[in-house]
> 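Before we start, here is the structure in question, set down as structure tokens.
In this text, all values refer to a predicted model and were calculated from it rather than measured experimentally.
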Amino acid sequence: MKKFAVNIIHRPELSPEYAEKALGGAKGVQDESLEIFKFQQDTAHKYGLKTTIQITYASLFSQEIIDLSKEYNKKYGDEIALSLLGLPCKEFREKYKTEDFCIWMFDDKTKAEIIDDVFEKFFKSFGFYPSSTGSYFMDAFSINYIKAKYPSVKCAVATCWEEGPKAYHTCNNSWYTFMDGGPWNPWIPSKVNSHCPAKDKEDDSGIVAIPHLSRDLMACFDGNGSNFGTHPQNVLRGMIYYHDGDSVEYPYLYNLVDQYRHLEKYNDGYAYNMMFVGPGWLNKAGRWEAPYSLLAKSYDDGMKYYGKLKEEGKLIDMTMAEFADFYRETHPDYNRGECALWKDILYGSDKEYFWYADPALRTCFDFNQGGAMIDLRPYVARIPQKTGIGSENVYDASYPYLIQINYRAGFFTHYAGAGTIKSCKVSYKGESADLCLCRTMAKYQRVEGGVSLVANPVTITLGGLDIDIQTVITIKDGSGEIITERRILNDLKGEEITIEEYFTGAFGTTEYQADMSSLILGVGEENMQYSYLGRKLKGEGVAFVDIPPVSTRVEMGGEIDCAEVEEGIAFSPVYKLSVKKTLTKGEVRTWLKVKKAN
């Protein structure tokens, strides 16, 4: 049975810090925020949708909010949950003597103190502990602490997808909080690092995590994610709407919801979406050149679309706690991969990404570049990042990448530097071409123990010889192994070609590369320590790199003639693994393995 599960989440945020500073006067902001919260709730209920009310710390000082929430719960079945957003109110600042307000940025002792404060105040207000909580990001320490002390919690908003340096640049380099590298869809977080899906029961943190907004998995990855989410005000901020006479239309919003619905095709009939909008987004003064009338209309229209889908039996509205139970029931296998074959719904091109995430890795393939790998995160390493004051990651909670074309370029680079990417180069009689230059599309299929992508064939012409190649990429669930087949489909009339499968990697969370000198590169039994000298090692066996700063080992091998590794130089601090095979027909089958390094 196809199931499209939707969470609609509202928070009565009475003291949005940005609104107080922009509008002046806390009292006026509180009155407006309360009115907008009521509008949001009434709009959802008008279209037959239940919500999750995430009570903020500031809201716990408002008896009106507490009474309203109880009333919504009794009348509509809305869940009363607790948010760790909305901390920066007068009472919080006076008590904790700080202007900080992101739970993951405090030291662990203060995190625990704040969590206890907010949870106990919630209990005093409602007579029970919440089943759901959340923040823009929830680190492993906070999740583990909450689950141990408040076991009723089963669901949490735990990360904001792809909110890294791109978001930092968009806010004029003023917002010091990075958190990309996590899953785009719900997952069960590891006890070690909340970005990583749990690999088994022992690694299970005890909660189901959901993202803070469902975003466009192409537009958001390539650009600023704050413009491409499934709450209508994101779409208005991105100016992705048009005027048709007296009306305003935003088909992209509906296409984005439908694109998420489409993901049931790749995930055993399951699809997910969420809409999470604080009252500040519906500011009475208007925002992003949009008057309040348009902000309100877009919100109503978005809810109306969800309500229509529910009436047609195409949507199941759930509270966060209900969704956690549903997710556990429908996802009994920890290692089964989450998949998204994502098409361009914004610009109308034939561009196509395939996203995959399981407990071993998260990766993305770009079929506009022949199926090149453009993002890779080694979840298998279970990097135990501490975040917050007193740690090495005060504000950077991102999970490190090995490949990330937006932060460390890709195939198309300037000067002689090579960008991070995994692709394939075909050579014949001194000429060569990269599959990154060949646009194609892919078909998804579930295979035993994993998933497979079959790309449409492409033709490369070298030295007057046409070479028809088809790419097949297979990922084995939970193993950290990716198998790539390059199939020759036409008769080469005995001519020899060489296929080189290569992996150009780095590591980090931003555009800037940390010291590479601890890396070890090798082929078979030979190895060398990274020294920025551009050296190469070539031989038989497996090509590998050990990357101690991210506790990761990458290996490449397969049905090959030889393997090679190459260190970069200071001007281009990357490394390269490659494997080659010369053939006249048939196929080249290679593998890439991502492992945890000691």
Side-chain angles (χ1 to χ4, degrees), residues 102 104-105 135-142 158-171 173-184 187 189-190 192-197 211-212 215 220-226 355 357 360-364 373-410 419-422 503-519 530 545 547-554 568 572-575 594 596-597:
C102 296
W104 67 95
M105 288 183 160
S135 181
Y136 287 125
F137 178 69
M138 296 280 285
D139 65 323
F141 173 86
S142 297
T159 194
C160 204
W161 196 72
E162 292 306 333
E163 289 288 314
K166 294 189 299 295
Y168 175 63
H169 297 158
T170 306
C171 68
N173 297 7
S174 62
W175 184 9
Y176 282 82
T177 171
F178 300 163
M179 61 191 77
D180 76 17
W184 65 89
W187 77 105
S190 163
V192 179
N193 189 308
S194 59
H195 280 298
C196 307
H212 180 273
R215 298 194 184 274
C220 177
F221 179 75
D222 291 346
N224 171 28
S226 296
W355 286 97
L361 56 85
R362 191 195 86 176
T363 189
C364 182
M373 181 189 289
I374 61 173
D375 184 275
L376 179 62
R377 314 280 172 151
Y379 289 158
V380 68
R382 288 293 185 277
I383 301 166
Q385 285 168 280
K386 296 291 293 180
T387 64
I389 297 167
S391 76
E392 294 180 0
N393 301 290
V394 176
Y395 58 85
D396 187 355
S398 296
Y399 196 87
Y401 60 78
L402 303 181
I403 287 176
Q404 221 290 347
I405 64 162
N406 292 314
Y407 302 158
R408 295 298 307 280
T420 60
I421 202 161
K422 179 185 181 294
F503 177 105
T504 303
F507 68 90
T509 58
T510 70
E511 297 97 329
Y512 298 105
Q513 182 59 54
D515 183 19
M516 302 277 273
S517 58
S518 64
L519 275 61
Y530 199 107
V545 59
I547 315 166
V550 291
S551 306
T552 300
R553 180 184 178 94
V554 181
S572 181
V574 292
Y575 59 86
V594 182
K596 181 176 178 61

> Rounded to the nearest 0.5 Å, what separates atom SG in Cys196 from atom CZ in Arg377?
11.0 Å
> Kindly compute the distance separating OH (Tyr399) from OH (Tyr379), expressed to the nearest 0.5 Å.
8.0 Å
> For the backbone of Ala397 and the side chain of His195, can you confirm whether one donor and one acceptor N or O come within less than 3.5 Å of each other?
yes
> Could you tell me which non-hydrogen atom of Ala381 sits nearest to which non-hydrogen atom of Val550, and how far apart they are?
CB-O, 3.4 Å
> Is it the case that the side chain of Asn193 and the backbone of Ile383 share a donor-acceptor pair, with hydrogens and angles ignored and the cut-off at 3.5 Å?
yes
> For the pair Arg408 (side chain) and Pro573 (backbone), establish whether a donor and an acceptor sit closer than 3.5 Å, ignoring hydrogens and angles.
yes
> Heavy-atom distance under 4.5 Å between the side chains of Cys102 and Tyr136, does that happen here?
no
> Indicate whether the side chain of Ser142 and that of Asp139 have a donor and an acceptor atom separated by less than 3.5 Å.
yes
> Step by step, would you call Ser398 with Gln385 a side chain to side chain contact (heavy atoms under 4.5 Å, CB included)?
CA-CA 9 Å; Ser398 296; Gln385 285 168 280; 5.7 Å; no
> Do Thr177 and Trp104 touch side chain to side chain, with heavy atoms closer than 4.5 Å?
yes
> If I compare all heavy atoms of Phe507 with all of Ala514, which pair ends up nearest, and what's the gap?
CE1-CB, 4.0 Å
> Tyr575 and Ala506: which non-hydrogen atoms are nearest, and at how many Å?
CE2-N, 3.6 Å
> Looking only at heavy atoms, which two atoms of Thr159 and Met179 are closest? And how far apart?
OG1-O, 3.4 Å
> Could you measure the distance from the CZ atom of Phe221 to the CD1 atom of Ile405? Nearest 0.5 Å is fine.
5.5 Å
> Between Asp180 and Arg362, does any NZ, NE, NH1 or NH2 come within less than 4.0 Å of an OD or OE carboxylate oxygen?
no
> Going by the salt bridge (Lys or Arg N to Asp or Glu O under 4.0 Å) test, which pairs reach into residues 386-399, not counting sequence neighbours?
Asp108-Lys386
> Without hydrogens or angle criteria, can the side chains of Ser391 and Asn393 be said to hold a donor-acceptor pair below 3.5 Å?
no
> Mind checking whether Thr420 and Leu402 have side chains closer than 4.5 Å, heavy atoms only?
no
> Say whether, by atom type as modelled, one donor and one acceptor occur between the side chain of Tyr401 and the main chain of Thr510 under 3.5 angstrom.
yes
> Within the 4.5 Å heavy-atom criterion, are Trp184 and Glu162 side-chain neighbours or not?
no
> Report yes if the side chains of His169 and Glu511 come closer than 4.5 Å at any heavy-atom pair, otherwise no.
yes
> Between Met105 and Tyr176, which heavy-atom pair has the shortest distance, and what is it?
CE-O, 2.6 Å
> Closer than 3.5 angstrom, by distance alone: can the side chain of Tyr530 be matched with the main-chain N or O of Gly568 as a donor-acceptor pair?
yes
> State, yes or no, whether a side-chain contact exists between Asn406 and Asp222 at a heavy-atom distance under 4.5 Å.
yes
> Do Phe503 and Leu376 have side chains that approach each other closer than 4.5 Å (heavy atoms only, starting at C-beta)?
yes
> Could you tell me whether the side chains of Tyr407 and Tyr512 share a donor-acceptor contact shorter than 3.5 Å?
no
> So do the side chains of Val594 and Thr363 get within less than 4.5 Å of each other, counting heavy atoms only?
no
> If you compare all heavy atoms of Pro183 against all heavy atoms of Pro197, which two are closest, and at what distance to 0.1 Å?
CG-CG, 4.2 Å
